[in-house]
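Everything on this sheet refers to the single structure shown next.
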Amino acid sequence: MAVVDTTDQTFVADTANGVTLTDFWATWCGPCRMQSPVVEQLAGEMDAVTFNKLDVDQNPETAQKFNVMSIPTLLVQKDGQVVDTLVGYHSKEQLAQILNQYL
């Protein structure tokens, strides 16, 4: 499954069902560029999770709503409710372990 671009307008619908991970990022962010391939790898391996990415510069409303102050921030939701917030770079193994506890 691919990582889906989400926006301020589509975020609620994109994260309403099941376990989702949203990568809050920006094009100028070095650690975000390191995190992105990890999220993409997991998206290809974990079919039970929906993976999204949200550009904080183009979609400031959602970033503000969730108090995203540093990026990358990874927001884990289950059926639309936030269950975990991860700030900074996380390895594939760390993310898989965290996500598996919500499946």
Side-chain angles (χ1 to χ4, degrees):
M1 192 180 270
V3 178
V4 177
D5 285 313
T6 189
T7 66
D8 286 339
Q9 292 74 33
T10 63
F11 181 81
V12 172
D14 289 344
T15 60
N17 298 309
V19 176
T20 62
L21 180 141
T22 303
D23 179 6
F24 288 77
W25 71 288
T27 56
W28 49 264
C29 168
C32 298
R33 288 196 300 270
M34 291 171 49
Q35 187 69 71
S36 245
V38 172
V39 171
E40 289 172 11
Q41 285 178 356
L42 276 177
E45 296 173 11
M46 298 185 77
D47 292 337
V49 178
T50 301
F51 292 86
N52 302 303
K53 62 182 183 177
L54 183 130
D55 185 325
V56 297
D57 290 335
Q58 295 180 14
N59 301 282
E61 288 175 26
T62 303
Q64 288 173 357
K65 177 180 175 184
F66 292 100
N67 297 315
V68 173
M69 302 298 216
S70 299
I71 51 175
T73 291
L74 304 172
L75 195 68
V76 181
Q77 293 175 272
K78 185 166 186 172
D79 297 327
Q81 300 299 311
V82 176
V83 292
D84 216 336
T85 302
L86 312 165
V87 179
Y89 174 83
H90 287 75
S91 71
K92 179 179 164 185
E93 293 76 21
Q94 289 171 317
L95 291 178
Q97 183 178 14
I98 290 165
L99 291 168
N100 279 321
Q101 69 185 345
Y102 299 111
L103 292 176

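Note that the numbering runs from 1 along the sequence shown for the chain. Keep in mind that this is a model prediction, so the values were computed, not measured.
Contact check for Val39 versus Lys53: no side-chain heavy atoms found under the 4.5 Å cut-off. Side-chain contact between Leu99 and Leu21: present, with at least one pair of heavy atoms (C-beta onward) separated by less than 4.5 Å. Put simply, the side chain of Leu54 reaches to within 4.5 Å of the side chain of Phe24, judged on heavy atoms. When side chains are defined from C-beta on, Phe51 does not count as touching Leu95, because their heavy atoms never get closer than 4.5 Å.
Asp14 and Thr6 share a donor-acceptor pair across their side chains, judged by distance under 3.5 Å alone.
Surrounding CD of Gln97 are at most 12 heavy atoms belonging to other residues, nucleotides or ligands under 6.0 Å away. Annotation: Glu61, atom CD; neighbour count of heavy atoms from other residues, nucleotides and ligands within 6.0 Å does not exceed 12. More than 12 heavy-atom neighbours from other residues, nucleotides or ligands sit within 6.0 angstrom of NZ on Lys92.
The backbone N or O of Ser70 sits less than 3.5 Å from a side-chain atom of Thr73, completing a donor-acceptor pair. Within the 3.5 Å criterion, the main-chain N or O of Ala16 finds no donor-acceptor partner in the side chain of Gln77. Side chain of Asn59 to backbone of Asp8: a donor-acceptor contact under 3.5 angstrom is found.
Here the straight-line distance linking atom CG of Asp5 with atom CG of Asn52 works out to 9.0 Å at 0.5 Å rounding. For the atom pair OG1 of Thr15 and CD of Gln81, the computed distance is 9.5 Å after rounding to the nearest 0.5 Å. Atom CG of Asn67 and atom CE of Met69 lie 6.0 Å apart (nearest 0.5 Å). For the atom pair CD of Gln35 and CD of Glu40, the computed distance is 10.5 Å after rounding to the nearest 0.5 Å. Atom CG in Leu75 sits 5.0 Å away from atom OG1 in Thr85 (nearest 0.5 Å).
Cys32 and Pro72 make their closest contact through SG-N, 3.6 Å (heavy atoms, listed as atom of the first residue, atom of the second, distance). Closest of all the heavy-atom pairs between Gln94 and Ser91 is OE1-N, 2.7 Å.
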Test log, rule side chain to side chain contact (heavy atoms under 4.5 Å, CB included), inputs Trp25 and Asp55
CA-CA 5 Å; Trp25 71 288; Asp55 185 325; 4.2 Å; yes

Check step by step if side chain to side chain contact (heavy atoms under 4.5 Å, CB included) holds for Met46 and Leu103.
CA-CA 10 Å; Met46 298 185 77; Leu103 292 176; 4.0 Å; yes

As a quick check of understanding, evaluate side chain to side chain contact (heavy atoms under 4.5 Å, CB included) for Val49 and Leu42, giving each step before the final call.
CA-CA 9 Å; Val49 178; Leu42 276 177; over 6 Å; no

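Criterion: ILVMFWY side-chain heavy atoms under 4.5 Å apart, direct or through other members. Under it, Trp28 and Val68 are part of a common hydrophobic cluster. A continuous path of ILVMFWY side-chain contacts below 4.5 Å connects Leu74 to Met34, so both sit in one hydrophobic cluster.
For residues 3-22, every residue pair satisfying the ring pair (Phe, Tyr, Trp, His ring centres under 6.0 Å) rule, not counting sequence neighbours, is listed here: Phe11-Phe66.
Contacts of Asp84 classified as side chain to side chain contact (heavy atoms under 4.5 Å, CB included), with partners at least two apart in sequence or in another chain: Val76, Leu86, Ile98, Gln101, Tyr102.
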